[in-house]
Amino acid sequence: MKRESAGSLRPADAGRRVRLVGWIHRVRDHGGVLFFDLRDRSGICQAVVSPSDAAAGIAGKLRAEWIVAVEGTVRLRQEGARNPKLPTGDVELGDVALEVVSESDAPPVLPSSTDVPDEAVRLRYRFLDLRREEMQRNLTLRHRVLQATRRYLDAGGFLELETPMLTRSTPEGSRDFLVPSRLQPGAFYALPQSPQLFKQLLMVSGFERYFQVVRCFRDEDLRADRQPEFTQIDIEMSFVDQEDVLSLAEGLTRALVAEAGWELALPLQRLTYAEAMARYGSDKPDLRVPLEIVDLSAFAASLDAPFVQSALAGGGVLRGLRAPGGASLSRKQWDELSGQIERFGLRSVPYIALAEDGLRGSLAKAVPPASQEALCQALGLEQGDAATIIAGPEEPTSLALGVLRLAFADRFSLRAPGHRFVWVTDFPLMEWSDEEGRAVSRHHPFTHPSPEDVDRLEAEPLAVRAQAYDLVLDGNEIAGGSIRIHERPLQERIFRLLGLSAQEAQEKFGFLLDAFRFGAPPHGGIAFGFDRLVMLLCGAPSIRDVIAFPKTAKGTDLLTGAPADVSQVQLDELHLGVKAAKEPER
RNA sequence: GGAGGCGUGGUGUAGUGGUUAACAUAUGUGCCUGUCACGCACAAGACCGCGGGUUCGAUUCCCGUCGCCUCCGCCA
């Protein structure tokens with residue numbers, strides 16, 4: 001008899017004889033009549049065993065997570081015995097024959113429980129954790145978004161092409177995972193941080209529209225939304241400009257989020273990088289938060305605070321941000337916020353609060369009475385509100401206000417319901433790296449400068465904008481891309497600005513420069529952080545919740561025990577010696 | 001590299017400088033014929049992550065260490 005799905009049975013099936021095979025979700029043994037819930041991927045269905053049934057003997061032994069095969073007759077439940085919480089709650093399986101397919105120990109992660117075990121237990125027993133409904137739902141949505149990606153891009157004329165996983169390490173970018181070569185002693189492959197160069201070569205090769213669902217590897221520290229291996233939807237197009245790429249990406253995004261039931265109105269909102277920084281203090285602003293940074297330079301002269309005057313004398317800016325209801329915060333609570341902005345060179349959060357008895361706060365004395373009303377009006381302060389006012393160099397000031405903006409949003413629950421997408425465009429091409437002592441690419445070295453800024457490349461490299469863009473969802477970067485350089489001389493200029501000698505450039509990227517000598521089309525693209533997008537669509541708190549077998553924060557896999565020691569024979573074959581003294585084997 | 005949080009029966013939690021270490025659930029046994037997080041009774045199950053220190057006495061306080069998580073740095 002053919003196996004059917006437990007979750008699919010409905011009143012219309014009443015009277016049919018069916019066979020279900022699945023896991024025992026729960027057993028309710030009343031001594032006489034016994035109920036058990038059978039679970040498979042499709043859902044749950046209740047079966048009933050009466051004392052007179054032949055199956056009664058076996059049924060009494062069933063435990064959670066055993067696998068059983070059940071043959072039974074679908075019947076409508078009695079009046080008052082229906083369960084509106086289950087899709088199958090109007091029917092049940094009666095007159096059953098039972099066969100135990102597979103027994104189970106008492107499981108450390110109980111899929112039928114509402115308690116979520118400790119992360120370490122979940123990861124150690126991931127195969128059980130994945131049985132939980134939440135994880136089944138998350139990975140199912142992941143699948144559907146993936147299939148929607150392929151449908152949409154295939155229909156749009158894109159070819160899904162694969163690129164190497166064993167490739168060469170390149171300068172710039174994040175730390176590479178290295179793979180030692182057996183056949184080339186002392187040489188290493190690198191796992192790709194992204195297929196960037198290969199997809200550009202595919203454009204030179206004339207494929208015109210490429211995409212790939214591709215695993216990428218970056219050997220950096222982990223976060224709730226960062227794993228060392230992750231999946232990108234990688235896209236590249238020839239003979240396009242920025243508008244073409246954004247338009248394609250918007251259409252794709254609409255199709256993908258529709259899988260989660262989200263509706264998206266196009267075109268999406270846009271901000272330039274400069275606007276995003278000035279108004280929200282972030283290059284990935286969460287637009288659900290209604291607060292905006294206010295420029296207060298008009299008040300620069302009238303504020304009587306030494307730090308303001310010295311900051312402005314040094315060419316700094318004066319900006320403020322309202323904290324709705326912030327007058328209720330105590331001095332101590334303001335002090336607690338200061339830890340979040342220490343890294344921007346600020347020791348405390350200067351603030352004013354509009355209380356019933358007038359202006360209070362650490363900065364209140366600096367505000368002359370004559371300026372009070374105008375200042376409060378500029379900041380949009382109402383009775384009971386507060387505001388922070390920060391003076392200093394533009395970038396750290398903006399970033400600090402951006403951090404406080406999110407802190408206010410947390411503390412005062414300011415995020416509007418729903419979801420907000422926004423493009424951030426016109427990123428700087430390069431930024432200064434103190435560590436490297438030189439300019440480094442903000443996006444990557446193949447990013448095309450904005451045409452109107454190309455002339456300034458050598459004169460003011462840090463002021464040059466790029467044809468680079470990020471797609472931001474609720475304060476998370478979910479995609480990023482750029483128009484690429486396809487002109488060999490321009491690419492060489494960029495390499496030079498990045499401190500790469502002609503010889504190094506030829507050595508590391510010669511294959512790309514060579515390719516550009518043979519009719520390279522203008523091209524550009526974008527890559528979506530697939531795991532992160534699915535995480536947000538699921539409402540999950542961590543990227544781990546949408547990856548079947550993720551790593552811990554220290555990059556280990558608690559299920560397999562990776563990374564692990566290898567034998568001396570393996571090391572010898574790879575021409576490797578291990579340098580660090582290691583703990584003795586346990 | 002840095003900061004913080006957590007670690008107590010299988011699982012989720014409570015709690016305390018001197019307790020028989022509590023509760024729920026899972027487990028075992030028994031009872032129970034309409035439950036659906038079934039119910040009831042009984043039982044078993046924890047050297048309170050590990051090591052050291054303070055103390056008459058440490059699961060509790062301190063130091064170190066390990067594990068998990070979060071954040072900063074890092075992530076073109």
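To find a chain, count down the sequence lines: A is the first, B the second, and so on, and within it residues start at 1.
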Classify the nucleic acid contact of [X] as base, sugar-phosphate or nothing, counting any heavy atom under 4.0 Å across all strands shown.
X: A:Arg226; answer: base
X: A:Ser194; answer: base
X: A:Pro51; answer: base
X: A:Thr556; answer: sugar-phosphate
X: A:Arg75; answer: base
X: A:Glu119; answer: sugar-phosphate
X: A:Pro117; answer: sugar-phosphate
X: A:Asp118; answer: sugar-phosphate
X: A:Leu558; answer: sugar-phosphate

Whichever of A:Val109 and A:Ala224 has its nearest RNA chain B nucleotide further upstream toward 5' | A:Val109
Please tell me which of A:Arg442 and A:Ser113 maps to the more 5' nucleotide of RNA chain B, matching each residue to the nucleotide holding its nearest heavy atom.
-> A:Ser113
Is there a Watson-Crick or G-U wobble partner for [N] with both distances under 3.5 Å, and which nucleotide is it?
N: B:A3; answer: B:U70
N: B:G64; answer: B:C50
N: B:A41; answer: B:U29
N: B:C56; answer: B:G18

Checking B:G12, B:C36, B:C75 against the side chain of A:Val121 (C-beta onward), the nearest is B:G12
Which nucleotide in B:A37, B:G34, B:C69 has an atom nearest any side-chain atom of A:Lys85 | B:A37
Close approaches to RNA chain B from residues 483-513 of chain A, in residue order (heavy atom, under 4.0 Å) = none
Presence of salt bridge, A:Glu229 and A:Arg218, under 4.0 angstrom = no
Can you check whether any acceptor in the base of [N] is under 3.5 Å from a donor in the side chain of [X], or vice versa?
X: A:Glu92; N: B:G34; result: yes
X: A:Arg77; N: B:C36; result: yes
X: A:Arg124; N: B:G67; result: no
X: A:Asp105; N: B:G10; result: no

Please report the distance, rounded to the nearest Å, between [atom1] in [X] and [atom2] in [N].
X: A:Asp29; N: B:G34; atom1: CG; atom2: C1'; answer: 13 Å
X: A:Asp53; N: B:G34; atom1: CG; atom2: P; answer: 15 Å
X: A:Leu62; N: B:A26; atom1: CG; atom2: C1'; answer: 16 Å
X: A:Asp115; N: B:G10; atom1: CG; atom2: P; answer: 16 Å
X: A:Tyr125; N: B:U11; atom1: OH; atom2: P; answer: 8 Å
X: A:Arg343; N: B:C72; atom1: CZ; atom2: P; answer: 6 Å
X: A:Met535; N: B:U70; atom1: CE; atom2: C1'; answer: 13 Å
X: A:Arg122; N: B:C68; atom1: CZ; atom2: P; answer: 15 Å

Please round to the nearest 0.5 Å and tell me the distance separating atom [atom1] of [X] and atom [atom2] of [Y].
X: A:Phe530; Y: A:Gln232; atom1: CZ; atom2: CD; result: 12.0 Å
X: A:Ile478; Y: A:Leu473; atom1: CD1; atom2: CG; result: 5.0 Å
X: A:Arg411; Y: A:Leu406; atom1: CZ; atom2: CG; result: 14.0 Å

Start with the C-alpha distance between A:Asp13 and A:Arg10, add both sets of side-chain angles, then the distance that settles salt bridge (Lys or Arg N to Asp or Glu O under 4.0 Å), and finish with yes or no.
-> CA-CA 5 Å; A:Asp13 295 301; A:Arg10 292 294 180 276; over 6 Å; no
If the plane angle is over 60° it's perpendicular, under 30° parallel, otherwise tilted; pick one for A:Phe495 and A:Phe509.
-> parallel
Should the ring pair A:Phe127 and A:Tyr125 be called parallel, tilted or perpendicular, given that the plane angle runs from 0 to 90° and is split at 30 and 60?
-> perpendicular
Side chains of A:Thr560 and A:Asp557: donor-acceptor distance under 3.5 Å anywhere?
-> yes
Distance-only side-chain donor-acceptor flag, A:Asp234 / A:Tyr210, under 3.5 Å = yes
For B:U19 and B:G57, measure between their P atoms and round to the nearest Å.
-> 14 Å
Could you work out the separation of B:C50 and B:U8 based on their C1' atoms and round it to a whole Å?
-> 14 Å
Aromatic ring proximity, centroids under 6.0 angstrom, A:His25 and A:Phe36 = no
